[in-house]
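Read the numbers this way: they start at 1 and go in the same order the structure lists the ligands and their atoms. Everything quoted here is computed from the prediction, not taken from an experiment.
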Amino acid sequence: MWSSLVIPTFLFLSFSSVGLAPDPGSATDENDNYPPFWDQTEGDIAEFPVQNNKTIVDPWKYIDRLRIYKILIEESNKYFASFGKNNTGNVLWALTLLYGKLFKTDRFSEPPKSSRCAYESGASSCISVNSGWGGINYYVIIMYFLAAIESEFLGNLPYEVELLSQEEYRSNFCYSVEECHAAYPQVMDIANRFYKYLQSRKIVSTTIGIPQYDTDEDTVIFNMWAVHQAAIDVAKPKISDVLFYVSETERDFTMDFLLAVELVEAVLYCPHFETMTELLVGFPHRLLTDQDHNVLTSNLSRRKKAVMTVAKLTPEINKSTGGLFLTIWKKLMTSKFAQPIGRFLINRLLLIPIE
Ligand SMILES: *[C@@H]1O[C@H](CO)[C@@H](O)[C@H](O)[C@H]1NC(C)=O
Ligand SMILES: *[C@@H]1O[C@H](CO)[C@@H](O)[C@H](O)[C@H]1NC(C)=O
Ligand SMILES: *[C@@H]1O[C@H](CO)[C@@H](O)[C@H](O)[C@H]1NC(C)=O
Ligand SMILES: *[C@@H]1O[C@H](CO)[C@@H](O)[C@H](O)[C@H]1NC(C)=O
């Protein structure tokens with residue numbers, strides 16, 4: 001049954017906000033929206049050290065994962081030129097901005113509550129192998145990265161890439177194209193399909209000297225979210241069994257949020273820079289404590305409470321409808337007519353004015 005507080009909270013949040021003007025103070029500094037240290041990376045594989053003719057990547061370091069995100073953004077920008085100026089239309093911003101947000105909000109730190117791998121450690125920060133978000137994010141970015149290598153989306157690399165593994169939970173993670181293919185063939189196939197689609201695009205025109213490709217927006221957004229979801233599907237059971245969280249509230253939020261993301265993905269939510277920045281304003285800016293368990297009395301902002309409430313509500317509705325809610329939502333949202341309605345609903349629920 002739906003917990004007695006969830007529905008009133010939800011109604012309160014979505015209707016009490018009508019007519020409130022957005023807070024001008026929320027217009028954040030543009031540079032704050034990029035992941036920390038974004039400008040300190042080039043998006044070039046040559047930035048990684050080379051040892052014994054191998055490019056060495058440590059995926060449990062913040063900066064190394066950031067370099068991977070930037071490489072993928074840089075290599076794919078040209079296909080999205082018509083979707084927004086200054087490459088803001090790249091569909092990979094969704095993942096990249098969430099990555100920065102997770103770091104900024106200390107979600108890669110060593111649980112239960114230590115400064116190890118915390119945001120304040122700076123550019124050289126680690127990502128704790130014990131952190132739930134760190135593990136989930138590993139699956140997402142590494143599948144994208146290894147499939148980009150496998151499909152030769154990154155061209156002919158000068159050296160073979162070696163991912164440094166952590167001994168802890170070694171068997172929970174795959175560290176090479178071969179290993180990931182063997183363990184998660186379906187995810188690697190879906191990720192390869194994302195790149196194969198881009199590689200098959202053709203230049204159809206040129207605008208102020210910039211070639212425009214015949215990239216179909218819906219197709220590429222669908223493909224991008226499909227990889228994300230496939231990676232999360234394999235990550236979730238591994239992560240929920242073994243990893244630690246700072247509080248039960250944070251752990252539940254993580255799992256609920258990942259389920260609510262499925263609703264967002266199903267409407268082919270726009271993953272561009274501006275829309276994702278706006279959506280992520282509602283992502284809790286700190287780790288949740290058990291005082292946040294009751295969303296209404298927590299001291300987070302109204303926008304963040306709305307996101308937490310939708311996250312909380314999703315599994316409850318799913319459960320109380322015997323799984324039908326998610327199934328029907330996803331089925332409905334395959335229709336071009338229903339998608340805008342779904343997007344409207346999601347924006348109405350998640351983008352409530354900031355007080
Ligand atoms: C690296 O590759 C080059 C060219 O293939 C080779 O000459 C050299 O011995 C290799 N170095 C190491 C450390 O394996
Ligand atoms: C264009 O994007 C880069 C990062 O990709 C950013 O540093 C720069 O400020 C942006 N320029 C404008 C005019 O928005
Ligand atoms: C908000 O709540 C959190 C945890 O419940 C607490 O650590 C923090 O100090 C509170 N902030 C304010 C401004 O009261
Ligand atoms: C959705 O509900 C069904 C039926 O209760 C359940 O089997 C399934 O695990 C739920 N899905 C999630 C992701 O919670």
Side-chain angles (χ1 to χ4, degrees), residues 1-3 5-6 9 23 25-26 45-46 48-56 104-107 109 111-115 118-120 132 136 139-140 156-162 164 186-187 225-226 228-241 243 245-266 282-333 354-355:
M1 271 287 100
W2 302 357
S3 68
L5 260 173
V6 172
T9 306
D23 175 9
S26 72
I45 195 115
F48 288 111
V50 173
Q51 268 169 26
N52 301 325
N53 289 338
K54 281 185 179 165
T55 296
I56 308 293
K104 262 191 201 168
T105 58
D106 266 346
R107 288 186 162 83
S109 65
K113 187 95 188 154
S114 94
S115 56
Y119 174 49
E120 64 198 24
I136 286 162
Y139 280 87
V140 173
N156 279 322
L157 299 178
Y159 305 103
E160 192 187 326
V161 173
E162 181 176 334
L164 297 181
Q186 76 289 12
V187 188
W225 284 128
H228 183 247
Q229 190 54 47
I232 286 178
D233 284 344
V234 295
K236 263 207 292 198
K238 302 267 178 194
I239 301 311
S240 60
D241 284 356
L243 298 177
Y245 292 89
V246 61
S247 70
E248 265 182 51
T249 307
E250 174 69 21
R251 183 200 60 202
D252 292 347
F253 168 72
T254 304
M255 290 301 153
D256 296 350
F257 180 86
L258 292 175
L259 191 61
V261 163
E262 296 188 29
L263 305 181
V264 173
E265 290 172 343
F283 193 79
H285 66 285
R286 56 165 173 80
L287 291 164
L288 301 179
T289 70
D290 287 326
Q291 273 89 58
D292 300 311
H293 180 70
N294 180 348
V295 176
L296 259 193
T297 58
S298 105
N299 64 12
L300 290 157
S301 73
R302 192 194 289 273
R303 173 82 69 95
K304 296 185 171 81
K305 286 181 187 178
V307 169
M308 285 163 68
T309 307
V310 170
K312 216 170 197 179
L313 204 54
T314 310
E316 297 207 28
I317 299 181
N318 173 56
K319 221 179 287 158
S320 65
T321 57
L324 270 182
F325 170 70
L326 267 182
T327 312
I328 292 175
W329 175 271
K330 286 183 186 173
K331 184 90 189 142
L332 263 180
M333 293 307 150
I354 305 162
E355 78 272 45

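At a 4.0 Å heavy-atom cut-off, ligand 4 touches L259 through the side chain alone.
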As a quick check of understanding, evaluate side-chain contact (heavy atoms from CB on, under 4.5 Å) for L263 and T314, giving each step before the final call.
CA-CA 9 Å; L263 305 181; T314 310; 3.8 Å; yes
Taking it one step at a time, do L300 and R286 satisfy side-chain contact (heavy atoms from CB on, under 4.5 Å)?
CA-CA 9 Å; L300 290 157; R286 56 165 173 80; 3.8 Å; yes
Please tabulate, line by line, the atom pairs linking an N/O of ligand 3 to a protein N/O at a distance below 3.5 Å, with the distance in Å to 0.1, or answer 'none'.
| from | atom 1 | to | atom 2 | distance (Å) |
| --- | --- | --- | --- | --- |
| ligand 3 | 2 (O) | R286 | NH2 | 3.4 |
| ligand 3 | 2 (O) | N299 | OD1 | 3.2 |
| ligand 3 | 2 (O) | N299 | ND2 | 2.5 |
| ligand 3 | 5 (O) | T289 | OG1 | 3.1 |
| ligand 3 | 11 (N) | N299 | ND2 | 2.7 |
| ligand 3 | 14 (O) | N299 | ND2 | 3.1 |

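Contact check for P284 versus D292: no side-chain heavy atoms found under the 4.5 Å cut-off.
For ligand 4, the atoms lying closer than 4.0 Å to a non-hydrogen atom of G323 are 1 (C), 2 (O), 3 (C), 4 (C).
Looking at N53 next to ligand 1, an N or O pair under 3.5 Å apart turns up. Taking distance alone, with nitrogen or oxygen atoms compared against 3.5 Å, N318 approaches ligand 4 more closely than that limit.
The shell of residues lying under 4.0 angstrom from ligand 4, judged by heavy atoms, includes G322.
More than 12 heavy atoms of other residues, nucleotides or ligands lie within 6.0 Å of NZ in K330, so this atom counts as buried by the packing criterion.
For the side chain to side chain contact (heavy atoms under 4.5 Å, CB included) test, residues two or more places apart in sequence or in another chain that qualify with A231 are Y139, V140, M143, V187.
With hydrogens and angles disregarded, no donor-acceptor distance shorter than 3.5 Å links the side chain of S115 to the backbone of A118.
At a cut-off of 3.5 Å, with distance as the only test, a side-chain donor of R107 or T105 sits close to an acceptor on the other residue.
Here the two rings, on F253 and Y245, have centers that are 6.0 Å apart or farther.
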